[in-house]
Colleague: 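Quick one: structure below, then a few questions.
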Amino acid sequence: MNPKEQHLQDESVLIAARREKLKRWREELGVEPYGRRVEGLISLGEARAMFDQSAHEKYKAGHEAQKANPSAKVIDHRKRARVAGRCIQHRLMGKLVFMQIRDWSGDLQISLSKAAVDETAFKIASKLDYGDIVVAEGPVGATNTGEVCVWAERFEVHSKSLTPPPEKFHGLQDEELRYRQRYVDMYANPQTIQTFAARSQIVASIRKFMERRGYLEVETPMMQPIAGGAAARPFVTHHNAMDMELFLRVAPELYLKRLLVGGLPRVYEINRNFRNEGIDRQHNPEFTMLEAYEAFGDCWTMLELTESLVHEMARGRSDEATKRRSDEGVHSRPTLPFGELMVDYAKPFARISYGELFKKHFGFEMSDEKKVLEVAKRAHMENVEKLDHWLRVSALFDEHAEREIDPAKPTFVTDFPSAISPLTRPHEGKPELSYRWELFIAGMELANSYTELNDPDVQLAKFTEQLRGADEEVKRFRTLDEDFIHALRVGMPPAGGLGVGIDRLIMLMTNNLSIRDVILFPLMRGEKSET
RNA sequence: GAUCGCGUAGCUCAGCCGGUAGAGCAAGCGCCUUUUAAGCGCUAGGUCCUGGGUUCGAGUCCCAGCGCGAUCACCA
């Protein structure tokens with residue numbers, strides 16, 4: 001017997017017990033534990049909200065009175081609910097069963113009295129396993145300890161869980177299992193489902209925001225013959241029928257700009273990009289980006305848009321958090337925790353130019369070629385002699401100057417060097433700088449924007465220049481996109497362009513420090529098939 | 001790709017200087033009509049990630065590998 005079979009056999013003792021139970025339910029009770037459609041269900045949150053204290057007290061008083069005088073009538077004004085959920089706690093107390101069930105909206109207790117349900121239902125309820133999915137119906141009341149619950153009068157199992165569940169108090173802690181078996185993580189750790197519900201709501205709000213601003217949502221190719229729009233290494237794939245090498249896109253940029261040429265005034269896309277690079281707490285190989293282009297705008301148009309967008313999302317989250325704490329209005333300042341930080345999203349966000357930030361850290365102008373070279377050498381920068389002055393500046397900036405930004409304050413860093421911004425329009429009279437900014441929050445690069453370059457000749461020159469320095473490996477995927485140049489020759493209106501890392505935004509909005517915690521199924525190495 | 005850390009029951013974790021593998025939860029069988037990680041009694045559950053090595057003896061020490069995590073590199 002190989003190790004995997006051995007492992008399965010060990011676990012199968014627990015599975016076998018559940019299978020045995022399943023069999024007994026079918027054969028002895030005539031119950032089919034894999035149910036069908038159920039009408040009229042409400043969420044556990046809705047059911048909890050139906051609790052009526054006075055109806056509950058009247059019913060209880062009536063019940064007590066009936067004990068003393070059996071002919072007394074019990075008035076029951078409690079509202080009835082039909083609910084479904086997964087069992088996450090189960091306690092049997094002789095002729096009473098208490099269980100906690102869970103759905104996306106929260107947890108709710110189901111209480112069963114042997115006297116109130118039929119025999120089969122009570123047998124099932126008393127032998128229920130953690131993980132089973134059940135439907136219960138009855139009045140919404142409370143127990144002696146004040147716990148709101150549905151006092152079930154009907155009770156059915158609608159899905160029998162066969163696998164042993166995680167520990168009920170600690171949940172599923174193993175990071176690897178949490179990502180590989182997200183479906184278990186989601187019910188074992190309620191925080192997980194809340195994070196992804198929040199993600200969904202935030203993305204929906206972003207779409208509404210963009211629509212209000214007059215933007216059209218579009219979908220452009222993810223499989224591209226030429227991977228353009230960013231410098232990252234792409235994933236390579238192949239189309240059999242066309243016998244054609246294709247790349248998963250690293251950015252939608254060049255396609256979205258073609259749409260401006262075609263006449264769409266404001267377009268955006270929220271979708272996946274794929275970059276064949278390292279993985280860490282801020283990078284997953286596939287990630288979601290919002291990219292937006294506004295004809296006749298510029299990077300300042302996009303700055304205002306981004307500031308409003310991020311502010312509005314943060315306000316929504318912060319108000320919601322405040323509401324949860326108390327019902328007395330909301331905070332005026334939208335602040336959200338992120339790890340040890342308390343990030344303040346009040347408008348306006350901080351602004352500082354790339355050059356100012358550089359000078360603040362190094363004490364001299366970034367245009368000072370001698371000093372830049374000197375410091376770069378001292379920092380033991382690789383190939384320092386070969387690099388262009390502005391690439392040295394950029395390397396120093398990334399490594400040191402970025403740290404000058406207050407992580408608790410969203411900060412726009414403006415006027416990036418042109419040398420590292422090939423798709424950006426340079427400043428008039430100061431061609432070494434470009435109309436480009438990046439937004440930093442909590443040490444993360446959250447957004448990147450520029451005034452788009454729409455001069456076809458300058459764009460062609462920049463592409464050609466960039467390709468000249470490329471090695472063989474890079475040339476394989478970064479070829480000149482001649483059709484894009486053609487599109488610019490047809491004529492693209494001036495425009496502001498923007499990219500926002502949605503996963504990172506969700507991290508900030510939900511206080512998750514790892515990108516894997518805001519991606520439902522982060523990339524994992526395949527599990528061993530052998531042994 | 002580099003460095004560091006982790007990998008023990010289904011889950012959450014102990015396991016000291018190398019000396020017969022431990023707990024809680026979950027599971028099985030009992031008892032219990034107001035529990036809240038319910039409680040009490042009994043039972044069962046292990047290729048200590050894999051493969052080598054050192055040793056009389058390895059969960060523990062060494063080497064290699066696999067997986068996960070963290071940091072760095074890469075990501076104009």
Side-chain angles (χ1 to χ4, degrees), chain A residues 1-18 20-21 60 88-100 107 109-116 122 126-127 129-131 141-147 149 151 162-181 184 188 229-234 250 273 275-283 285 287 382 387-388 390-391 393-395 397-399 416-424 436 445 448 462 465-466 469-470 474 478 513-514 516 522 524-528 530-531:
Chain A
M1 189 179 293
N2 71 37
K4 190 147 195 178
E5 280 165 352
Q6 178 69 47
H7 172 79
L8 285 174
Q9 196 183 47
D10 297 336
E11 191 174 350
S12 77
V13 173
L14 298 171
I15 294 173
R18 289 175 172 230
E20 183 54 37
K21 195 176 286 182
K60 258 194 94 175
I88 53 154
Q89 277 182 42
H90 181 260
R91 291 178 284 278
L92 171 65
M93 287 210 48
K95 294 182 179 114
L96 272 182
V97 177
F98 299 100
M99 69 183 73
Q100 204 81 21
D107 298 351
Q109 181 166 291
I110 306 296
S111 307
L112 279 98
S113 159
K114 192 173 184 179
F122 190 78
S126 57
K127 289 289 181 185
D129 287 315
Y130 183 18
T143 62
N144 286 350
T145 50
E147 176 87 19
C149 67
W151 282 102
L162 295 177
T163 59
E167 211 256 4
K168 67 180 174 184
F169 183 61
H170 297 93
L172 190 61
Q173 296 296 317
D174 186 299
E175 293 288 306
E176 184 176 351
L177 278 178
R178 288 187 54 226
Y179 301 144
R180 287 192 194 277
Q181 298 188 23
V184 176
R233 287 181 163 67
V250 293
N273 294 289
R275 296 189 180 175
N276 208 339
E277 308 283 357
I279 297 176
D280 61 33
R281 292 207 296 178
Q282 293 171 23
H283 297 83
F287 65 102
E382 271 180 70
L387 288 179
D388 170 79
W390 287 106
L391 293 180
V393 168
S394 166
F397 183 91
D398 288 350
E399 208 161 322
F416 272 58
S418 293
I420 54 170
S421 315
L423 293 153
T424 313
R436 173 183 176 188
E445 181 194 328
N448 182 14
K462 282 189 172 252
E465 172 62 28
Q466 208 185 6
V474 169
R478 200 178 301 156
L513 271 50
S514 168
R516 293 184 202 96
M524 286 284 175
R525 224 173 268 277
E527 286 187 281
K528 282 180 288 179
E530 217 254 326
T531 69

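Note on naming: letters A, B, ... go to the chains in the order of the sequence lines (proteins, then strands), and numbering restarts at 1 for each one.
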Colleague: Heavy atoms from C-beta onward define the side chain here; which of B:rG10, B:rC68, B:rU35 lies closest to that of A:Met524?
Modeller: B:rC68
Colleague: Can you check whether A:Arg281 has a side-chain N or O nearer than 4.0 Å to OP1 or OP2 of B:rU71?
Modeller: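 Yes, because at least one side-chain N or O of A:Arg281 sits under 4.0 Å from OP1 or OP2 of B:rU71.
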Colleague: Looking only at the side chain of A:Ala115 (C-beta and beyond, no hydrogens), which of the listed nucleotides B:rU33, B:rU35, B:rA70 gets closest?
Modeller: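 Of all the options, the side chain of A:Ala115 is nearest to B:rU33.
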Colleague: Determine whether any donor atom in the side chain of A:Gln89 lies under 3.5 Å from an acceptor atom in the base of B:rU35, or the reverse, and answer yes or no.
Modeller: no
Colleague: Which of these nucleotides, B:rU33, B:rC74, B:rU35, is closest to any side-chain atom of A:Ser113?
Modeller: B:rU33
Colleague: Counting the atoms with a prime plus P, OP1 and OP2 as sugar-phosphate, which does A:Arg516 contact under 4.0 Å by heavy atoms, base, sugar-phosphate, or nothing?
Modeller: sugar-phosphate
Colleague: Look at the side-chain N and O atoms of A:Arg18 and state whether any lies under 4.0 Å from the OP1 or OP2 oxygen of B:rG10.
Modeller: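 For B:rG10, OP1/OP2 do not have a side-chain N/O of A:Arg18 under 4.0 Å.
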Colleague: Give A:Glu147 one of three labels, base, sugar-phosphate or nothing, depending on what nucleic acid heavy atoms sit under 4.0 Å from its own.
Modeller: base
Colleague: Run the side-chain hydrogen bond (donor to acceptor under 3.5 Å, both in side chains) test on A:Ser421 and A:Arg436 for me, step by step, so that the C-alpha distance in whole Å, both residues' side-chain angles and the decisive distance to 0.1 Å come before the verdict.
Modeller: CA-CA 8 Å; A:Ser421 315; A:Arg436 173 183 176 188; 2.9 Å; yes
Colleague: Does A:Trp151 reach a base, just sugar-phosphate, or nothing at all? Heavy atoms under 4.0 Å.
Modeller: base
Colleague: Tell me, please, which residues at least two apart from A:Glu167 pass side chain to side chain contact (heavy atoms under 4.5 Å, CB included).
Modeller: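 Partners of A:Glu167 under the side chain to side chain contact (heavy atoms under 4.5 Å, CB included) test: A:Phe169, A:His170.
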Colleague: Counting only side-chain nitrogens and oxygens, does A:Lys21 get under 4.0 Å of the OP1 or OP2 atom of B:rA27?
Modeller: no
Colleague: Looking only at side-chain atoms of A:Asp280, point me to the closest of B:rC74, B:rU12, B:rG28.
Modeller: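 Of all the options, the side chain of A:Asp280 is nearest to B:rC74.
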Colleague: Would you call A:Arg178 and A:Glu175 a salt bridge, using N to O less than 4.0 angstrom?
Modeller: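 Answer for the salt bridge query: yes.
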Colleague: Taking the side chain of A:Leu423 as heavy atoms from C-beta outward, which of B:rG67, B:rU33, B:rA76 is closest to it?
Modeller: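 Among B:rG67, B:rU33, B:rA76, the one nearest the side chain of A:Leu423 is B:rA76.
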Colleague: I want to check one thing: is the phosphate of B:rC32, taken as OP1 and OP2, less than 4.0 Å away from some side-chain N or O of A:Arg91?
Modeller: no
Colleague: Between A:Arg18 and A:Pro164, is there a donor-acceptor pair closer than 3.5 Å when you use the side chain of the first and the backbone of the second?
Modeller: no
